[in-house]
Asks: 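Got a structure for you, written out below as structure tokens; questions coming shortly.
Note on naming: letters A, B, ... go to the chains in the order of the sequence lines (proteins, then strands), and numbering restarts at 1 for each one.
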Amino acid sequence: MRFSRLLGKTLKEAPADADCASHRLLVRAGMIQQVATGVYSYLPLGWRSLKKIEDIIRSEMDNAGSQELMMPSLQPIELWEKSGRMASFDKTLFIVTDRKEHKLALGPTHEEVITDLVRRSVQSYRDLPQLLYQIQNKFRDEPRSRGGLLRVREFIMKDLYSFDVDEAGLDVSYEKMIQAYKNVYARCGLPAVMVEADSGAIGGKASHEFMLIAESGEDQIIYCAKCGYAANSEKATSVKTSETEVKPLAIEEVSTPKMTTIEEVANFLSIKAEQTLKSVFYVADGEIIFVVIRGDLDVNEIKLKNLLKCNDLHMATEAETKEAGLVAGYASAISLKGHRIVGDDSIKLGGNFVAGANKPDAHLKNVNYPRDFKVDTIADIAVARAGDQCPKCDGKLESQQGIEVGHIFKLGTFLSDRLGAYYLDKDGESKPIIMGCYGIGVGRLLAAAVEQSHDDKGIIWPLPIAPFEVCLCPLKVDDPPVMQAAEKLYAELTSGGIEVLLDDRPESPGVKFNDADLIGIPLRIVISARTLKTSSVELKWRREKQAEILPLEGLVDAVRKLVKSGDNG
RNA sequence: CGGGGAGUAGCGCAGUUGGUUAGCGCGCAGCGUUCGGGACGCUGAGGUCGGAGGUUCGAGUCCUCUCUCCCCGACCA
């Protein structure tokens, strides 16, 4: 490819309000362009990288024994009504209406369609197992897009679905996918880590995410360096401990004027936060839920939502709190009537807690569970934090931000049951097919790669997903010997199977170097009158500071070796 | 949806208490000089000031409505 013909200009300035490195750099490098909120075009350079990632994914999915197919974006709304997932997707579904006033959803994912497809194509255990995938655009009307390609409303996803006769089969499929995913990230040159995850709106049992560590990531990973435990903070657990063993004392009321936060109360009474009980009010699908948790801990809303099995969960607003007759800042579960109470299991640890007195400006001392109050449900609904004890060993948990670049789920049978995907087993008995699903956000992976590999000059692509492998820069295009040598080398490299971007623009050296750095092509070859004097060129890795001088003689082979080795420093 | 901010040339921005023909940098086109880390000179093209309505002799500037975009939260690949 000749740079002079390439569509998409490099920009000196990025949109002022673009904060993420990947957003700024992908726009500046002329790889993507925004069309609407969370909607982007890929320009030729960006599309080349994207296709490389797709190809890697394809080959790994194929290797794992999967078949590629293609399903439509338009999905009859009836399938969603049947699966019962309308409510959990809710407003994120883009719904279009056809000329007959019939409603169709733009696919946010394809479990419904593929389960229906498999229902018609699979009748016998002999047809199973199956691994099926596609790479296709998905549509989700996200409440908020962000960070360029990191979170968008139309995105390219590889979605694979597994169909098995039993749990053991699902385990095999799941393991195959874990290995395939690891291969994908490794081949892209990206060190993704696998963590335990919540299954969210997709539903199902076990679930894992693949994360790329990055400051700009939206997810927090909680991990233990000692035993390798790692989980999304939505899912992570930790061992809750209590420093004090206490003998229950009699309840006592204390005046706490104008103290509504745990911190204020604890300071005022000279106690630790873990000696208090915190009350938090939520609204779950319209019902007020009263939550009790030890004062030093926070409620993990995902855990709470899963526990309550509700579609919508939010902190009660002031109005909702008031309407429920609750006194914010001074509420407690003691003699509370009319509301469902959920307790975190931390309330069992320690005792003689300070809790609200259910009236303004007063708290109660020496509150003990279950002596003084009962709860309807008790479970772990607390946020696990760095510094907590690992749930698997005696190590300490740590945390890091990450970008979710893959998510896999063991779905089980709830979709095949609802959509009628059954098979006959050896004994002629009809059974629901056991499903799993496995997704990679391809565009997000591209952005994550940039987040994770760039410097102040621009992108530093890992070789396997770079738009070109080599940027060939003749420094003076109107100097015939230089340009002739460049053209010759360009032809030789290209026919040698190397992807070369020839910077044939009549620009100054500075412009060419800066653009090559910005676009992030792994290898740069400079030809100038200077190097030609010794029949050589200058070769430099994007990642390295130092360049080296190589003879023109045998250069193609040398470059091919470098590219093959994938060693980009 | 809640909170904050922004829409002026392809991109990044300025535009004072309302006052002629709306500016600057980059980029773009032409000519010339340069050529190893974003060179320079000259010439030139490019704008319904997001949209609609209003106030006014006069609106980029003031008022009302509206659309779009960005950032922070609740969601996800």
Side-chain angles (χ1 to χ4, degrees), chain A residues 8-20 23 27-28 30 33-39 57 88-92 108-109 135-160 181 197-202 207 209-212 217-219 232 234 282-283 301-302 305 311-315 317-318 403-409 437-448 457-458 473-479 482 505-518 524 526-531 538 540 547:
Chain A
K9 287 198 168 60
T10 56
L11 302 172
K12 282 189 183 162
E13 287 162 300
D17 41 20
D19 285 346
C20 293
H23 187 191
V27 169
R28 283 191 53 211
Q33 216 170 75
Q34 189 181 34
V35 176
T37 299
V39 181
I57 293 174
S88 52
F89 275 83
D90 195 37
K91 291 205 168 88
T92 54
T109 177
I135 297 178
Q136 187 222 37
N137 285 27
K138 298 289 187 262
F139 301 85
R140 294 185 189 175
D141 195 359
E142 295 287 341
R144 184 160 98 80
S145 322
R146 98 165 251 281
L149 290 184
L150 282 177
R151 180 189 202 69
V152 290
R153 297 192 298 168
E154 176 175 351
F155 59 99
I156 301 168
M157 178 160 106
K158 183 287 303 180
D159 46 324
L160 185 146
Y181 272 46
D198 177 69
S199 54
I202 301 290
S207 171
E209 287 168 333
F210 291 83
M211 296 281 192
L212 221 48
E218 298 178 89
D219 289 279
N232 190 309
E234 296 174 352
Y282 283 90
V283 177
E301 293 188 14
I302 305 282
K305 193 172 170 182
N311 285 314
D312 177 64
L313 181 77
H314 64 266
M315 281 247 243
T317 61
E318 236 174 88
I403 300 169
E404 179 188 345
V405 290
H407 199 163
I408 60 177
F409 306 77
C437 71
Y438 315 82
I440 293 179
V442 187
R444 180 183 282 179
L445 189 54
L446 182 89
K457 287 190 178 300
C473 297
L475 285 194
K476 230 183 140 195
V477 295
D478 56 1
D479 183 5
V482 170
R505 301 172 303 167
E507 294 287 351
S508 70
V511 170
K512 294 190 176 194
F513 294 155
N514 280 302
D515 277 346
D517 286 347
L518 176 59
R524 189 186 74 194
V526 174
I527 301 184
S528 67
R530 200 162 90 189
T531 64
E538 176 199 282
K540 179 184 167 300

Asks: With a non-hydrogen cut-off below 4.0 angstrom, is A/Asp159 in contact with a base, only sugar-phosphate, or nothing?
Replies: nothing
Asks: Side chain of A/Asp517 only, please: which of B/G38, B/G37, B/A77 is the nearest?
Replies: B/G37
Asks: Can you find an N or O donor on one side and an acceptor on the other, under 3.5 Å apart, linking the side chain of A/Arg505 with the base of B/G27?
Replies: no
Asks: With heavy atoms under 4.0 Å as the rule, sort A/Gly443 into base, sugar-phosphate or nothing.
Replies: nothing
Asks: For the atom pair CD1 (A/Ile135) and CD1 (A/Ile57), what is the distance rounded to the nearest 0.5 Å?
Replies: 5.5 Å
Asks: When the C1' atoms of B/C65 and B/C13 are compared, how many Å lie between them, rounded to an integer?
Replies: 28 Å
Asks: What pair of heavy atoms forms the shortest contact from A/Ser145 to A/Gly38, and how long is it?
Replies: OG-CA, 3.4 Å
Asks: Report which part of the nucleic acid A/Val442 touches: base, sugar-phosphate, or nothing (heavy-atom distance under 4.0 Å, all strands).
Replies: nothing
Asks: Roughly how far, to the nearest 0.5 Å, is the CD atom of A/Glu209 from the CZ atom of A/Phe409?
Replies: 7.5 Å
Asks: Could you tell me whether A/Asp479 contacts a base, only the sugar-phosphate backbone, or nothing, with contacts defined as non-hydrogen atoms closer than 4.0 Å?
Replies: nothing
Asks: Could you give the distance separating B/C1 and B/A39 at their P atoms, to the nearest angstrom?
Replies: 48 Å
Asks: Measure from the side-chain heavy atoms of A/Arg144 and tell me the nearest of B/A74, B/G37, B/G38.
Replies: B/A74
Asks: Within the 4.0 Å heavy-atom criterion, would you say A/Arg146 contacts the bases, only the backbone, or no part of the nucleic acid?
Replies: sugar-phosphate
Asks: Using a 4.0 Å heavy-atom cut-off across all strands, classify A/Pro506 as base, sugar-phosphate, or nothing.
Replies: nothing
Asks: NA contact type, A/Gln34, heavy-atom cut-off 4.0 Å: base, sugar-phosphate, or nothing?
Replies: sugar-phosphate
Asks: A/Leu11 CG to B/G25 C1': how many Å, rounded?
Replies: 14 Å
Asks: Please state the C1' separation for the pair B/A22 and B/U61 - nearest whole angstrom.
Replies: 12 Å
Asks: How many Å lie between CE on A/Met315 and C1' on B/C1, as a whole number?
Replies: 16 Å
Asks: CG/A/Leu475 to CZ/A/Arg530 distance, rounded to the nearest 0.5 angstrom?
Replies: 8.5 Å
Asks: For B/A74, take OP1 and OP2 only and decide whether either is under 4.0 Å from a side-chain N or O of A/His314.
Replies: no
Asks: With P as the reference atom in both, quote the distance from B/A14 to B/G5 in angstrom, rounded to an integer.
Replies: 16 Å
Asks: What does A/Lys9 touch in the nucleic acid at a heavy-atom separation under 4.0 angstrom: a base, only the sugar-phosphate, or nothing?
Replies: sugar-phosphate
Asks: When rounded to the nearest 0.5 angstrom, what distance separates CZ in A/Arg153 from CG in A/Asn137?
Replies: 14.0 Å
Asks: Taking the C1' atom in each of B/G19 and B/G73, what is the distance between them to the nearest angstrom?
Replies: 45 Å
Asks: Rounded off to whole Å, could you give me the CD1-to-P distance for the A/Ile57 and B/A77 pair?
Replies: 15 Å
Asks: Establish, with yes or no, whether the OP1 or OP2 oxygen of B/C70 is under 4.0 angstrom from a side-chain nitrogen or oxygen of A/Thr37.
Replies: yes
Asks: Determine the interatomic distance between P on B/U43 and the same-named atom on B/C71; round to the nearest Å.
Replies: 41 Å
Asks: Checking all strands, does A/Asn514 fall into the base, sugar-phosphate, or nothing category for heavy-atom contacts under 4.0 angstrom?
Replies: base
Asks: Please state how far atom CD in A/Glu13 lies from atom C1' in B/C26, giving the value in whole angstrom units.
Replies: 7 Å
Asks: Counting the atoms with a prime plus P, OP1 and OP2 as sugar-phosphate, which does A/Arg28 contact under 4.0 Å by heavy atoms, base, sugar-phosphate, or nothing?
Replies: base
Asks: Please pick, from B/G25, B/C76, B/G38, the nucleotide with the shortest atom-to-atom distance to any side-chain atom of A/Thr10.
Replies: B/G38
Asks: Using the closest heavy atom to pick a nucleotide of RNA chain B for each, name whichever of A/Arg530 or A/Glu301 lands nearer the 5' end.
Replies: A/Arg530
Asks: Quick one: look up who B/A52 pairs with, Watson-Crick or G-U, both distances under 3.5 Å, and put none if it's unpaired.
Replies: B/U64
Asks: Round to the nearest Å and state the distance from A/Asn232 atom CG to B/C76 atom P.
Replies: 11 Å
Asks: May I ask you to say what A/Ile440 touches in the nucleic acid, namely base, sugar-phosphate or nothing, with a heavy-atom cut-off under 4.0 Å?
Replies: nothing
Asks: How close do A/Arg28 and A/Leu518 get, counting heavy atoms only, and between which atoms?
Replies: O-CD2, 3.5 Å
Asks: Would you state whether a donor and an acceptor, one from the side chain of A/Asp19 and one from the base of B/C70, lie under 3.5 Å apart?
Replies: no
Asks: Cation over ring, A/Arg524 on A/Phe513, under 6.0 Å and within 45°?
Replies: yes
Asks: At under 4.0 Å between heavy atoms, what does A/Gly148 touch on the DNA or RNA strands: base, sugar-phosphate, or nothing?
Replies: nothing
Asks: As a test of reading the structure: which of B/A77, B/G38, B/C71 is closest to the side chain of A/Lys12, going by heavy atoms?
Replies: B/G38
Asks: Please report the distance, rounded to the nearest Å, between CG in A/Asp90 and C1' in B/A74.
Replies: 13 Å
Asks: With a 4.0 Å cut-off on heavy atoms, is A/Lys305 in touch with a base, just the backbone sugar-phosphate, or nothing at all?
Replies: nothing
Asks: Side chain of A/Ser508, heavy atoms from C-beta onward: which of B/G37, B/A39, B/A77 has the nearest atom to it?
Replies: B/A39
Asks: Could you tell me the Watson-Crick or G-U partner of B/C1, where both distances fall under 3.5 Å? Say none if there is no partner.
Replies: B/G73
Asks: Using both distances under 3.5 Å as the test, list the Watson-Crick or G-U wobble partner of B/A14, or none.
Replies: none
Asks: If the P atom of B/U56 is compared with that of B/U8, how far apart are they to the nearest Å?
Replies: 29 Å
Asks: Take the protein atom CD of A/Glu142 and the nucleotide atom P of B/C71, then report the distance between them rounded to whole Å.
Replies: 14 Å
Asks: Classify the nucleic acid contact of A/Ala36 as base, sugar-phosphate or nothing, counting any heavy atom under 4.0 Å across all strands shown.
Replies: sugar-phosphate
Asks: Is any NZ, NE, NH1 or NH2 atom of the basic residue among A/Asp515 and A/Arg505 found under 4.0 Å from an Asp or Glu carboxylate oxygen of the other?
Replies: yes
Asks: Please report the interatomic distance NE2(A/His23) to CG(A/Leu150), rounded to the nearest 0.5 Å.
Replies: 9.5 Å
Asks: Can you check the A/Arg524 CZ to B/G37 P distance for me, whole Å?
Replies: 10 Å
Asks: Any strand is fair game: report the nucleotide pairing with B/G38 by Watson-Crick or G-U wobble, both distances under 3.5 Å, or none.
Replies: none
Asks: Considering heavy-atom distances to RNA chain B, does A/Ala14 or A/Glu234 have its closest nucleotide positioned more toward the 5' end?
Replies: A/Ala14
Asks: Mind checking who B/C28 pairs with, Watson-Crick or G-U wobble, both distances under 3.5 Å?
Replies: B/G44
Asks: Starting at CG of A/Asp141, measure out to CG of A/Asp90 and round the result to the nearest 0.5 Å.
Replies: 10.5 Å
Asks: Considering only B/A77, B/C35, B/G38, which nucleotide approaches the side chain of A/Val511 most closely?
Replies: B/G38
Asks: Can you check whether A/Phe155 stacks with the B/A77 base, using ring centres under 5.5 Å and planes within 30°?
Replies: yes
Asks: Could you give the distance separating B/C28 and B/A9 at their C1' atoms, to the nearest angstrom?
Replies: 11 Å
Asks: Which one is paired to B/C57, where only Watson-Crick or G-U wobble pairs with both distances under 3.5 angstrom count?
Replies: B/G19
